Amino acid sequence: MSRSRNTIAGVDAGLLIKDTAKLLPKSSRRLFLRGALSLGALAVLSGCDIIDGDTAENALRVVSRFNDRVQAFLFNPRTLAPAYPESMVTRPFPFNAYYDEDDAPEIDGDTYRLEVGGRVDGNRPWTLAELYKLPEVSQVTRLVCVEGWSAIGSWQGVKLSHFLKLVGADLTAKYVWFQCADRYSNTIDMPTALHPQTQLTLKFDHKILPRAYGFPIRIRIPTKLGFKNPKYITAMSVQNDDAGGYWENQGYNWFSGL
Ligand SMILES: Nc1nc2c(c(=O)[nH]1)N[C@H]1C(S)=C(S)[C@@H](COP(=O)(O)O)O[C@H]1N2
Ligand SMILES: [Mo]
C-alpha cells in the first residue's frame with residue numbers, strides 16, 4: 001500500500017487527487033496534479049463557494065462531489081464493462097475488506113433473510129431458496145480496487161434490474177442502499193442499479209459463494225470500483241435520500257465509475 005500523506009483519515013490523498021483530477025479540463029488538470037492550483041481556482045472550477053481559509057481537504061471533497069454530478073451525467077447506461085474468457089479468471093479470487101479474512105461474517109444460510117424495503121410494493125424478506133430459483137445470468141468481469149490491484153471473476157446471479165422489478169421497486173427513485181453483515185454499506189444511483197451488468201450475485205465459478213467471497217449475496221457492479229461492490233448483503237432499500245457508504249463517508253469519490 002502506498003503511504004502518501006493523508007489529509008482525510010483513512011483515505012490516500014494521492015489517489016483521491018488523481019481521481020478528482022480526471023474530470024478537470026486538461027489544462028487545469030496538470031496544474032491541479034502539480035498542486036499549483038489555488039483554492040480560489042478550485043472554487044471556480046467546481047462552481048462552489050469555497051474561498052481562502054478552507055482546507056485542501058474541504059476543497060477535495062467539493063471537487064469530488066462536483067465529479068459525482070459530472071460522472072453521473074457522463075454515465076451511459078448502455079456502455080458495458082469488458083468481459084473476459086473463463087480461462088482468464090483469477091483463482092483463488094483475492095479477499096479484500098477493512099478487516100482480515102478470518103474476521104469475515106459467518107452467515108447461516110438456513111436462517112438467512114434478505115430484507116427488502118423502502119419504495120417497493122413487495123416489502124418482505126427473501127430466503128436463499130427463493131433467490132436461487134430466480135433466472136440466472138453470468139458474467140466474467142474484472143474487479144478493480146483503488147488500492148492498486150484487480151482480478152477477474154466468474155459471477156452468477158440475478159440481474160439487479162430484474163429483482164427490482166420483481167419486488168415492485170419505484171424505478172424513478174434516486175438510490176438503492178445496501179447494508180452488509182459487517183459494518184459495510186453502499187448507496188448506488190438508480191441508473192447504475194438498472195445497468196444490464198449490475199448483478200445480485202449468488203455464485204462464483206457456478207458454485208454458491210463461499211464465505212470468503214461474500215456469502216450469501218454480493219452486488220457485482222463491473223462499471224464501478226471495487227469498494228462500490230458490497231458483499232455479505234443483509235438488506236436493501238429503494239429510496240430518494242443518499243445514505244452514503246463505508247468509504248464514501250470517509251471521502252472516497254461517491255460515483256467512482258470506471
Ligand atoms: N461487506 C463488505 N463489502 C466490501 C468490502 C468490505 O470491507 N465489506 N470491501 C470492498 C472493497 S474495498 C473491495 S476491493 C471488494 C473486494 O472484493 P473481494 O474480497 O471479492 O476481492 O469488496 C468491497 N465490498
Ligand atoms: Mo477496494
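Values below: all heavy atoms of this structure, side chains included; hydrogens, waters and symmetry mates excluded. Since we're looking at a predicted model, the values are computed, not measured. All ligand and atom numbering here is 1-based and tracks the order in the structure.
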Measure the distance from atom 6 (C) of ligand 1 to every protein heavy atom, then report the residue, atom name and distance (to 0.1 Å) of the closest one. Tyr184 CD1, 3.3 Å
For atom 8 (N) of ligand 1, find the nearest protein heavy atom and state the residue, atom name and distance (0.1 Å precision). Asp182 OD2, 2.8 Å
Which residue supplies the protein heavy atom nearest to atom 21 (O) of ligand 1, what is that atom called, and how far is it? Pro94 O, 2.6 Å
Provide the number and element of each atom of ligand 1 under 4.0 Å from a heavy atom of Cys145. 14 (S)
Considering non-hydrogen atoms of the protein only, which is the closest contact for atom 24 (N) of ligand 1, and what is the distance? Asn229 O, 2.9 Å
Can you tell whether the side chains of Glu130 and Arg124 come within less than 4.0 Å, N to carboxylate O? yes
Tyr213 heavy atom under 4.0 Å from ligand 1: no
Judged by non-hydrogen atoms, does Trp149 sit under 4.0 Å from ligand 1? yes
Could you see which bit of Ala97 sits under 4.0 Å from ligand 1, with heavy atoms only: side chain, backbone, both or neither? both
Please confirm whether Glu147 comes under 4.0 Å of ligand 1, counting heavy atoms of the residue only. no
Protein contact to atom 20 (O) of ligand 1 [nearest heavy atom, distance to 0.1 Å]: Arg218 NH1, 2.8 Å
Would you check if there is a donor-acceptor pair between the side chains of Arg220 and Asn229 at a distance under 3.5 Å? yes
Tell me: protein heavy atom nearest atom 16 (C) of ligand 1, and distance? Asn96 O, 3.5 Å
Around atom 22 (O) of ligand 1, find the nearest protein heavy atom and jot down its residue, atom name and distance. Lys231 CE, 3.5 Å
Can you list, pair by pair, the side-chain donor-acceptor contacts under 3.5 Å of residues 204-217, counting residues two or more places apart and other chains?
residue, atom, partner, partner atom, Å
Asp205, OD1, Arg91, NE, 3.4
Asp205, OD1, Arg91, NH2, 3.0
Asp205, OD2, Arg91, NE, 2.5
His206, NE2, Gln156, NE2, 3.4
Arg211, NE, Ala104, O, 3.2
Arg211, NE, Pro105, O, 3.4
Arg211, NH2, Asp102, O, 2.9
Arg211, NH2, Ala104, O, 2.8
Tyr213, OH, Phe93, N, 2.8

Please enumerate all residues that pass side-chain contact (heavy atoms from CB on, under 4.5 Å) together with Asp121, with sequence neighbours excluded. none
Could you tell me, atom by atom, which parts of ligand 1 come under 4.0 Å of a heavy atom of Phe95? 19 (O)
Check against ring pair (Phe, Tyr, Trp, His ring centres under 6.0 Å), Phe163 and Trp126: CA-CA 11 Å; Phe163 188 68; Trp126 286 68; 5.0 Å; yes
Please report the C-alpha distance between Leu131 and Val158 in whole Å, then the side-chain angles of each, then the deciding distance to 0.1 Å, and finally whether the side-chain contact (heavy atoms from CB on, under 4.5 Å) criterion is met. CA-CA 8 Å; Leu131 293 171; Val158 190; 5.7 Å; no
Which of the numbered atoms in ligand 1 are under 4.0 angstrom from any heavy atom belonging to Cys180? 1 (N)
Taking every heavy atom of Tyr112 against every heavy atom of Thr234, the minimum-distance pair comes out as OH-CA, 3.9 Å
Decide whether Glu248 and Asn253 meet the rule of one side-chain donor and one side-chain acceptor closer than 3.5 Å. no
Between Trp254 and Asp242, do the side chains contain an N or O donor and an N or O acceptor separated by less than 3.5 Å? yes
Record the part of Phe93 in heavy-atom contact with ligand 1 below 4.0 Å; permitted values are side chain, backbone, both and neither. side chain
A student checking ligand 1 against Tyr232 at a 4.0 Å heavy-atom cut-off should list atoms 1 (N)
Find the distance between CD (Glu106) and OH (Tyr232) and round it off to the nearest 0.5 Å. 10.0 Å
Approximate separation, where rounding is to 0.5 Å, of Phe178 CZ and Ile188 CD1: 4.5 Å
Identity and separation of the nearest protein heavy atom to atom 15 (C) of ligand 1: Gly226 O, 3.7 Å
Report, in ascending order of atom number, the atoms of ligand 1 lying under 4.0 Å from any heavy atom of Tyr98. 7 (O)
